[in-house]
Amino acid sequence: MPELPEVEVTRLGFADRIAGARIEVVRMGKPLRWALAVEPSALAGRAVRAVRRRGKYLLIDLDEGLLLLHLGMSGSLRFTDMPLPPPGPHDHFDMVTNRGSLRLNDPRRFGAVVYARDEAAPLAIKLLGRLGVEPLGDGFDFGAFFAGLKKRHAPIKQVLLAGELVVGVGNIYASEALFLAGIRPTLSASRISRPRAARLHAAVREVLARAVERGGSTLRDFTNADGQGGYFQLEATVYGRAGEPCRVCSATIRQIRQGQRSTFFCPSCQKC
DNA sequence: CGCAATTCCTGTATGC
DNA sequence: TGCATACAGGAATTGC
């Protein structure tokens with residue numbers, strides 16, 4: 001589902017088209033993870049300045065305040081020039097502007113749309129304050145990454161998922177990146193040697209960057225901002241391939257559970 | 001019934 | 001003892 005690449009592809013799909021627009025109407029459906037924290041009617045008349053991304057959050061900058069939007073596990077955003085059809089049972093946020101309409105569809109409602117006055121507002125700090133560095137940005141420095149690993153005694157898979165060192169690595173790309181780096185997911189982060197950490201650092205960047213280039217790939221039900229979906233298939237090396245042969249060495253891919261989440265790895269390619 | 005997806009929150013453990 | 005940090009587990013939801 002939406003990991004960093006999907007969120008970025010979604011952003012790229014509508015950021016330029018909505019920038020400069022004037023909000024006409026905001027409609028909320030069923031409750032999402034958190035309340036909007038402002039009357040929807042209070043947003044009417046405001047201008048959309050830009051759409052940024054921080055981790056898996058989309059930040060929609062307004063002329064006054066901003067919206068923090070998260071796709072959760074099952075959310076997808078669609079931007080259209082056409083009039084919005086009547087909302088379906090899973091359409092929980094509509095933002096109609098003079099340039100087009102944004103609609104969030106999220107069957108499981110783990111997603112969220114939240115308003116904050118600015119990024120220093122308590123709510124924004126709560127959601128964004130602990131996030132690690134952007135893996136595709138200049139801030140993803142190897143020295144800092146390695147130093148961070150040294151301080152963590154949890155399994156490396158968990159440390160990647162936690163998002164406090166580096167953001168955007170979800171359950172699928174965590175398994176993929178660790179395969180690419182040849183590191184066993186259960187290995188304590190603090191025990192990863194410098195050269196192997198360097199491989200992981202590069203692998204995280206590579207896996208995510210490649211996925212963005214492909215237009216977001218993870219799951220079959222991902223849809224981009226144009227509502228296109230189903231084209232992208234994840235060419236997973238290990239994720240979801242338990243019992244199948246490793247694409248590199250033909251050993252049988254194993255599945256384990258870490259923190260109530262599935263992890264996939266090749267017992268031969270990935271060393272402890 | 002179990003599982004899949006994300007991340008905040010709570011409770012417990014550890015270190016100084 | 002207190003405080004900060006680290007980590008494990010639980011919760012929210014819905015459709016397969």
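Not measured: the values here are computed from a predicted model. In what follows, chains carry the letters A, B, and so on, assigned in the order in which the sequence lines appear, proteins first and then strands, with residues in each chain numbered from 1.
- Side-chain contact of A:T237 with A:E176: a donor-acceptor pair under 3.5 Å is present, judged by distance alone.
- With hydrogens and angles left out, the side-chain atoms of A:S190 and A:K150 include no donor and acceptor closer than 3.5 Å.
- A:F264 has its CZ atom 11 Å from the C1' atom of B:dC3, to the nearest Å.
- We find that CZ of A:R257 is positioned 9 Å from C1' of B:dG2, with the value rounded to whole Å.
- When the nearest nucleotides of DNA chain C are assigned to A:Q260 and A:K151 by heavy-atom distance, the more 5′-ward of the two goes with A:K151.
- Between the side chain of A:R205 and the main chain of A:G137, a donor-acceptor pair closer than 3.5 Å is present.
- You'll find the ring centres of A:F140 and A:F145 inside the 6.0 Å limit.
- The pair A:R49-A:D63 does not count as a salt bridge, with every side-chain nitrogen at least 4.0 angstrom from each carboxylate oxygen.
- For the pairing with A:P87, the side chain to side chain contact (heavy atoms under 4.5 Å, CB included) check across A:H92, A:M28, A:R27 returns one residue only, A:R27.
- Within the 4.0 angstrom heavy-atom criterion, base atoms lie near A:R261.
- The nucleotide range of DNA chain C contacted by chain A, defined by atoms under 4.0 angstrom from heavy atoms of the protein and reported 5' to 3', is C:dC7 to C:dG15.
- A:L104 is listed as a side-chain neighbour of A:L71, based on a closest heavy-atom distance under 4.5 Å.
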Protein N or O to nucleotides 14-16 of chain B N or O, pairs below 3.5 Å:
none

Report all interatomic pairs (protein N or O, nucleotide N or O of nucleotides 8-10 of chain B) with separations under 3.5 Å.
residue: B:dC8; atom: OP1; partner: A:Y57; partner atom: OH; Å: 2.7
residue: B:dC8; atom: O4'; partner: A:R33; partner atom: NH2; Å: 3.1
residue: B:dC9; atom: OP1; partner: A:K126; partner atom: NZ; Å: 3.4

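- Between the CG atom of A:L58 and the CG atom of A:L102 there is a distance of 9.0 Å, given to the nearest 0.5 Å.
- Toward the 5′ end of DNA chain C lies the nearest nucleotide of A:H153, the other residue of the pair A:F110 and A:H153 mapping further downstream.
- Nearest heavy atoms, A:E119 versus A:I125: O-CD1, 3.7 Å.
- Of all non-hydrogen atoms in A:A42 and A:V38, the two that sit nearest each other are CB-CG2, 4.0 Å.
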